[in-house]
Amino acid sequence: MARHANNNSRRQNSPRPVQGLFSVGSGSLDGRSRFAMIVIIALMALFAFQLLRLQVFQAADTAALGEQTRDSKTTLLAHRGTIYDRNGNVLATSVEVKSVYCDPTLISDLQEEAQDVVSVLGNTIEYYSDIMTTPNSRYVCVARKIPVEQAEKLMDLSLDGFYYEDELDRVYPYGATGGQIIGCLNSDGVGFTGLEQQYDDILAGVNGVKRAQAGVGGAPIPGTVYQQVDPIDGEDIMVSLDIEMQAKLEAEIAASAYKLDAETSTSVLMDAETGEIYAAASIPLFNPADRSIVEPGATDLKSVTNAFEPGSLFKTVSSLAILENKVLTPDDEIECPAELEADEYIVTDAHDRDDVTYSFRDILAYSSNVGIALSVEKLGFTPFYQKIQDYLLTQNTGVDYPNESKGYLLDRAQWSLIQGYNVTFGQGVMVTPLQMTRFYGMIANDGVAVTPHFLIAMPQTGEYVHYENTVVSTDQEALDTVESMLGSVVDYGTAENAAIDGYTVVGKTSTAEIASPDGGYLDGVYNLAFCGYLANSTSKLVCFVTTGPTPYETNVCDPFKAIMEYAIERYKISPK
């Protein structure tokens with residue numbers, strides 16, 4: 001009997017579709033698979049583009065960046081020029097110092113290292129511990145600009161995490177003496193006031209640079225310097241200041257301010273023949289070596305920067321204008337009433353008196369407001385106004401010092417009668433002490449006005465600086481006559497205590513009222529001044545002194561006399 005196959009027997013399984021990216025039979029991608037493929041292709045393209053950009057298009061920049069990460073750049077400091085006085089004394093110079101820094105994260109024993117620092121620099125452990133634990137910092141200043149010797153002692157201790165940087169410090173050996181003139185630097189080492197500012201471009205120099213390969217921690221690797229530009233040191237300068245004379249002048253005006261209970265006192269000592277300023281100062285003084293306390297106005301050399309109403313000092317301007325125009329001679333007499341009416345105002349002299357007849361010489365000697373007003377009225381206010389211009393009293397002096405003021409004078413067209421009278425005796429007009437000093441110096445120098453200045457020479461190059469002079473007057477007779485009249489002020493007038501035995505002192509006092517910010521003049525306070533020189537002597541030094549505001553109606557001939565007596569001895573001045 002034949003046997004039949006069993007239909008239920010196991011058959012070989014047919015192949016199943018492979019599950020994955022591809023679907024068998026369809027030949028296409030499903031949605032998620034297609035998106036994944038696109039992302040992979042995009043990333044590969046972006047990577048290829050970045051590789052091409054870095055290796056081809058930015059190859060040079062990439063190489064430079066790599067160099068920078070291995071580069072050590074060191075600034076080579078230029079030495080700032082030294083400032084010398086006329087006798088070669090150092091007034092300002094730069095010295096090498098070091099600044100100390102630390103990385104708080106590298107300090108292994110805080111207390112021990114703080115104690116080491118105290119042993120060299122002083123102060124307290126707590127002070128340096130606070131610095132050396134500054135949070136979130138790896139570069140903390142421990143001490144700025146300490147002497148190299150001190151820094152070397154610290155370096156010998158091999159303190160963990162400590163670094164040292166070379167710096168330059170500006171040193172002012174005479175402290176406050178001459179400080180207003182010399183000036184100071186700002187925190188960036190740039191001239192900030194005084195001659196440091198005025199001549200910053202000469203003194204500063206140009207820093208250099210050194211580039212080398214850097215090792216661990218950024219320190220330069222020896223022998224790997226690939227660029228070096230040496231610094232160009234600044235030039236030295238010699239100025240007209242005589243530091244010993246300066247000290248004397250400062251002492252005298254400080255004493256004057258104290259004696260007269262005044263806010264300030266100012267003085268200038270200038271050679272009328274050369275324009276060299278031997279000494280100048282204002283109270284309060286400024287110490288560039290110690291700026292922990294700087295009083296308001298201390299950095300200003302007020303003889304240059306501050307204008308004031310000169311008061312009776314201006315009567316010499318009026319007198320010279322009258323003499324040059326041949327309006328009066330010293331012996332001509334003028335009736336001077338006790339009061340002079342003008343535009344509903346009353347002009348009087350500083351002290352009560354009766355009606356009197358004065359010679360023109362006496363008007364200046366006794367400093368009569370009424371007398372000088374009437375004398376100028378004979379000249380005319382328009383010629384008088386022009387003479388003020390001719391005497392350079394409305395122009396800057398050109399002094400080499402920052403922020404010079406040039407004063408103020410109302411235009412002639414706006415003068416009333418009282419304005420004209422007031423200007424004749426120095427009210428309603430403003431000048432600087434240096435302008436007044438130059439004017440009196442012009443008389444001493446036979447009509448030639450100089451440019452006041454400090455800079456004399458650059459010692460390294462041997463270059464001497466020349467300044468322009470201006471011929472203001474060629475009327476020698478008028479100049480000699482006004483000088484003679486100024487002699488009478490000292491001989492028997494308001495400046496008798498300016499006299500110096502054996503010398504012909506000429507000059508003029510002033511007791512000027514002080515303008516009020518609200519108009520008019522302040523009651524009971526004055527600016528006192530004197531300007532004069534030694535006529536017929538071997539010197540043409542002119543000295544100006546002013547002190548105020550002060551409640552005293554007196555004069556400041558005493559500091560003038562003390563300054564000039566010191567100058568006579570120091571410079572061997574003798575009568576001709």
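Keep in mind the model is a prediction, meaning the values are calculated, not measured.
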_Tell me if a side-chain donor or acceptor on Glu463 pairs with a main-chain N or O of Ala457 at a distance below 3.5 Å._
no
*asked:* If you count every heavy atom of other residues, nucleotides or ligands that lies below 6.0 Å from Lys378 atom NZ, does the total exceed 12?
replied: no
*Check whether more than 12 heavy atoms from other residues, nucleotides or ligands sit under 6.0 Å from atom CD of Glu341, and answer yes or no.*
no
*For Ser319, which of Ile363, Leu328, Ile372 qualifies under side-chain contact (heavy atoms from CB on, under 4.5 Å)?*
Ile372
*Do the charged groups of Lys259 and Asp558 touch, with an N to O distance under 4.0 Å?*
yes
*So, are Arg80 and Asp236 salt-bridged, with charged N and O less than 4.0 Å apart?*
no
*asked:* Please check if the number of heavy atoms outside Asp354 that lie under 6.0 Å from its CG is greater than 12.
replied: no
*With rounding to the nearest 0.5 Å, note down the distance linking CG in Asn422 to CG in Leu410.*
11.5 Å
*If you take all heavy atoms of Gly441 and Val542, which pair is closest and at what distance?*
CA-CG2, 3.7 Å
Atom pairs and distances, donor-acceptor, side-chain atoms in residues 444-456, under 3.5 Å, two or more places apart:
from, atom 1, to, atom 2, distance (Å)
Asn445, OD1, Lys540, NZ, 3.2
Asn445, ND2, Ala272, O, 3.3
Asn445, ND2, Val448, O, 3.2
Asp446, OD1, Gln476, NE2, 3.3
Thr451, OG1, Glu468, O, 2.6
His453, ND1, Thr451, O, 2.8

_Test your reading of the model: is there a side-chain donor-acceptor pair from Thr432 to the backbone of Gln435, 3.5 Å cut-off?_
yes
_Using a 3.5 Å distance criterion without hydrogens, assess whether the side chain of Asn325 forms a donor-acceptor pair with backbone atoms of Ala321._
yes
*Is it the case that more than 12 heavy atoms not belonging to Phe192 sit under 6.0 Å from its CZ atom?*
no
Could you tabulate the donor-acceptor pairs under 3.5 Å formed by side-chain atoms of residues 331-339, not counting sequence neighbours?
from, atom 1, to, atom 2, distance (Å)
Asp332, OD1, Thr329, OG1, 3.3
Asp332, OD2, Thr329, N, 2.8
Asp332, OD2, Thr329, OG1, 3.3

*Sort and list the pairs that fulfil ring pair (Phe, Tyr, Trp, His ring centres under 6.0 Å) and have at least one residue in residues 483-531, not counting sequence neighbours.*
Tyr366-Tyr492, Phe530-Phe560
*Hey, does Leu364 have a side-chain heavy atom less than 4.5 Å from the side chain of Leu486?*
yes
*With side chains defined as the heavy atoms from C-beta onward, is the minimum distance between Ile283 and Lys302 less than 4.5 Å?*
no
*Does CG in Asp352 sit with more than 12 non-hydrogen atoms of other residues, nucleotides or ligands closer than 6.0 Å?*
no
*asked:* With rounding to the nearest 0.5 angstrom, report the OH to CZ distance, Tyr533 to Phe544.
replied: 16.0 Å
*Got more than 12 heavy atoms from elsewhere within 6.0 Å of CG, Asp523?*
no
_Applying side chain to side chain contact (heavy atoms under 4.5 Å, CB included), can you list everything that pairs with Ser574, at least two apart in sequence or on another chain?_
Thr538
*So which heavy atom on Ala281 is nearest to which on Ile253, and how close?*
O-CD1, 3.6 Å
_The single option from Lys248, Met564, Gln246, Glu276 passing side-chain contact (heavy atoms from CB on, under 4.5 Å) against Leu269_ = Met564
*Note: Glu244-Arg570 ion pair, threshold 4.0 Å (strictly below)*: no
*Taking atom CG of Leu320 and atom CE of Met485, what is their separation to the nearest 0.5 Å?*
10.0 Å
*Tell me, do Phe439 and Leu313 make a side-chain contact under 4.5 Å, heavy atoms counted?*
no
*Is a side-chain donor or acceptor of Arg170 paired with a backbone partner of Ala289 at a separation under 3.5 angstrom?*
no
*Please collect all ring pair (Phe, Tyr, Trp, His ring centres under 6.0 Å) contacts where either partner lies in residues 322-342, sequence neighbours excluded, each pair once.*
none
*Which pairs pass ring pair (Phe, Tyr, Trp, His ring centres under 6.0 Å) with one or both residues in residues 264-295, sequence neighbours excluded?*
Tyr278-Tyr571
